[in-house]
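Taking it in order: structure first as structure tokens, then the write-up.
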2 protein chains.
Amino acid sequence: MSGQKASRHSSGPGDMVQEEHGTPDRDLRYRRVAAELREAIIAGEYAAGAKLPPEGTLAERYSVSRGTVRHALAVLRTDGLVTSRRGTRRTVLGGPRAQSFSELLSFTNWARSTGETPGGRVDRVVRRPAEPLDAEQLGLEAGAEVYLVLRLRTLSGEPVMVERSIYPARVGALVAELPPDTVSHTEALVMQGVLFTDADHTIDLTWADADDARLLDCPVGQVLLRERRRTTNPAGVPVEWSEDRYLPGTIAFTVHNSVATSTLGRRHSPRTLPVGTDGPPAA
Amino acid sequence: MSGQKASRHSSGPGDMVQEEHGTPDRDLRYRRVAAELREAIIAGEYAAGAKLPPEGTLAERYSVSRGTVRHALAVLRTDGLVTSRRGTRRTVLGGPRAQSFSELLSFTNWARSTGETPGGRVDRVVRRPAEPLDAEQLGLEAGAEVYLVLRLRTLSGEPVMVERSIYPARVGALVAELPPDTVSHTEALVMQGVLFTDADHTIDLTWADADDARLLDCPVGQVLLRERRRTTNPAGVPVEWSEDRYLPGTIAFTVHNSVATSTLGRRHSPRTLPVGTDGPPAA
DNA sequence: GAGTGGTCTAGACCACCGT
DNA sequence: CGGTGGTCTAGACCACTCA
């Protein structure tokens, strides 16, 4: 959402409706409508560039109010499936499909959604006092107890990423109890009632240290694509702080945004997180 | 927007309301409310972790309907300023503030919004037939005429990024006419009536070629953070296709997302765009 | 000027959270 | 159980696009 262009267009935050947190897809009417439209688009009933029927027509077709249709269309719009402009019918866009929050949050969910086979192994779990950056990101006192989980993640058996997740004590204790072969820590936590609702991501690059090199089977100093993520629960309390390092060529991050959907930004001077300037290790 | 968690939460696209394209911030009621709440939050009237007043109260306070308040809050939510959960009041989040669409779209706008001084110089403008990737991204016939604009971008005089923008003939012709010292091509285009409403971004890494090395004053083969961007107008017609290569350490990309706001994704196997596997040039 | 999307209202009901 | 946010409706009016 938000800004745009100067003269004719020009900014202004976009807007979105609220949403429920945990209902099967087709229970809610707007989701049902969104799902059916999405399927129709993907099935090719509406080709890229085609116009969608007017809201009123859709409302009749699905026997819902216009408001509900608009809610559904807003979902599709954020997903980057359709645009809209006053005065004309909505247009179907081509382009990549955005993924869901859970696919973003969890390597496992993401891999599964792409048909890949996710795997991994825990390298070590360490219980230690929070370092300054940990404390800051998790909103803890310096020195509070945290858990560090270092894992290698694989795709179809190939090493792809090293994940360093840091959890506050309460959450970390749950993670430490998980069976060593647990594929998705995130999923396990969710099932134990830990809620993940918001995440801030920072993407830049860094260089492999000894752990990375050993786990990814690459030289120390190898350039890696880095994603750092701070995830919070509905109350805004941080529940995870993770640094993921990907081998180049294995992954790219995609973002869709529009005048009605912001969320992405660039960062220059260190604001919250230092940018990866450390430079390649002497190695 | 979108998905969530498994058992209790679990996925499902989020949702957003539609939005208008070009009205001053405070004309619309929901924007006025959003703006005032945003200011109040930034001013510290609601600290991080604090609870916002209930929707009904806000509706009275601003003399609008509850629907309008919800619309405003949805804006703040997408910006990552507040969370929400049924049954409890909304919570104010800390964390980085999301930037606007225009800041994302244009290096110039972004730099200005951070207080930096953007600069740059055009290295060359080439009019040539579209290469296969260009044609695909711009939705043109192979061999259709496009304009390539190669520019060095600087921050406070320091080289930061090399931008290769490819425009379809109609748009390119406008760009080619711009005075050589035009700082913001995007802004200039907007003023000429070219609309930018949606963008797909892909972030990965690549290695400097001869042009990059010359302009950025770095060795050939230097690792660079790459952002490729395809921007479309409200009709879904591509208006720009750009590849930006940043020196490491100068920049990081940030994304906020929540159960109510997706847009970010990972990509593994080439779907639309090949991931940067080319590997460092023999150099 | 007809068609269509964006804004806004008023009210209803439900699901969930905490006390 | 009361408070609060999420869903849905029905209708109104306006702004913009396009023929």
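Just so it is clear: chains get the letters A, B, ... in the order the sequence lines come, proteins before strands, and each one is counted from 1.
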B:R77 side chain near B:S84 side chain, heavy-atom distance below 4.5 Å: yes
Expressed as a whole number of angstroms, how long is the span from A:L58:CG to C:dT4:C1'? 12 Å
Would you tell me if any nitrogen or oxygen in the side chain of A:R85 comes within less than 4.0 Å of OP1 or OP2 on C:dG3? no
For B:R66, which contact category applies under a 4.0 Å heavy-atom criterion: base, sugar-phosphate, or nothing? base
Just report the end-to-end axis angle for the helix from C:dG1-D:dC18 to C:dG18-D:dC1, five pairs per end, to 10 degrees. 20°
Using only side-chain N and O atoms of A:R89, determine if any of them is under 4.0 Å from OP1 or OP2 of C:dT4. yes
Counting only side-chain N and O atoms of B:T68, is one of them less than 4.0 Å from OP1 or OP2 of C:dT7? no
Taking the nucleotide of DNA chain D with the closest heavy atom to each, which residue, B:G87 or A:V64, is nearer the 5' end? B:G87
Whole Å only: how far is the CG atom of A:L73 from the P atom of C:dT7? 14 Å
Protein-nucleotide distance (A:R31, atom CZ; D:dC8, atom C1'), rounded to Å: 14 Å
Taking all non-hydrogen atoms of both residues into account, name the closest pair between B:L73 and B:E55 and its distance. CD1-CG, 4.1 Å
For B:S63 and B:R29 the tightest heavy-atom approach is O-NH1, 3.8 Å
Option among B:R230, B:R229, B:E227 that satisfies the side-chain hydrogen bond (donor to acceptor under 3.5 Å, both in side chains) test with B:H201: B:E227
Could you tell me whether A:R38 and A:D79 have a side-chain N and a carboxylate O separated by less than 4.0 Å? yes
Side chain of A:Y30: nearest nucleotide among C:dC8, D:dT7, D:dT4? D:dT7
Can you tell me the distance, in whole Å, between the CG atom of A:L28 and the C1' atom of C:dC13? 13 Å
Within the 4.5 Å heavy-atom criterion, are B:V194 and B:L174 side-chain neighbours or not? yes
Please state how far atom CG in A:D27 lies from atom P in D:dC8, giving the value in whole angstrom units. 10 Å
Distance check needed: C:dG18 P versus B:R86 CZ, whole Å only. 13 Å
Do the side-chain N or O atoms of A:R90 get closer than 4.0 angstrom to the phosphate oxygens (OP1, OP2) of C:dG6? yes
Rounded to whole Å, CZ of B:R32 lies from P of C:dC8 at a distance of 10 Å
Considering just the side-chain nitrogens and oxygens of A:R29, establish if one lies under 4.0 Å of OP1 or OP2 belonging to D:dT9. yes
I'd like to know if B:R112 pairs up with B:E187 as an ion pair, taking the criterion as any Lys NZ or Arg NE/NH1/NH2 lying under 4.0 Å from an Asp or Glu carboxylate oxygen. yes
With the side chain of B:T88 defined as its heavy atoms from C-beta on, choose the nearest nucleotide among C:dC17, D:dG5, D:dT9. C:dC17
Note: A:P238 and A:L138 closest approach over all heavy atoms is CG-O, 3.4 Å
Ranking C:dC8, D:dG5, C:dG5 by distance to the side chain of A:P54, first place goes to C:dG5
Atom-to-atom span, CZ of A:R70 to P of C:dT9 - whole angstrom: 15 Å
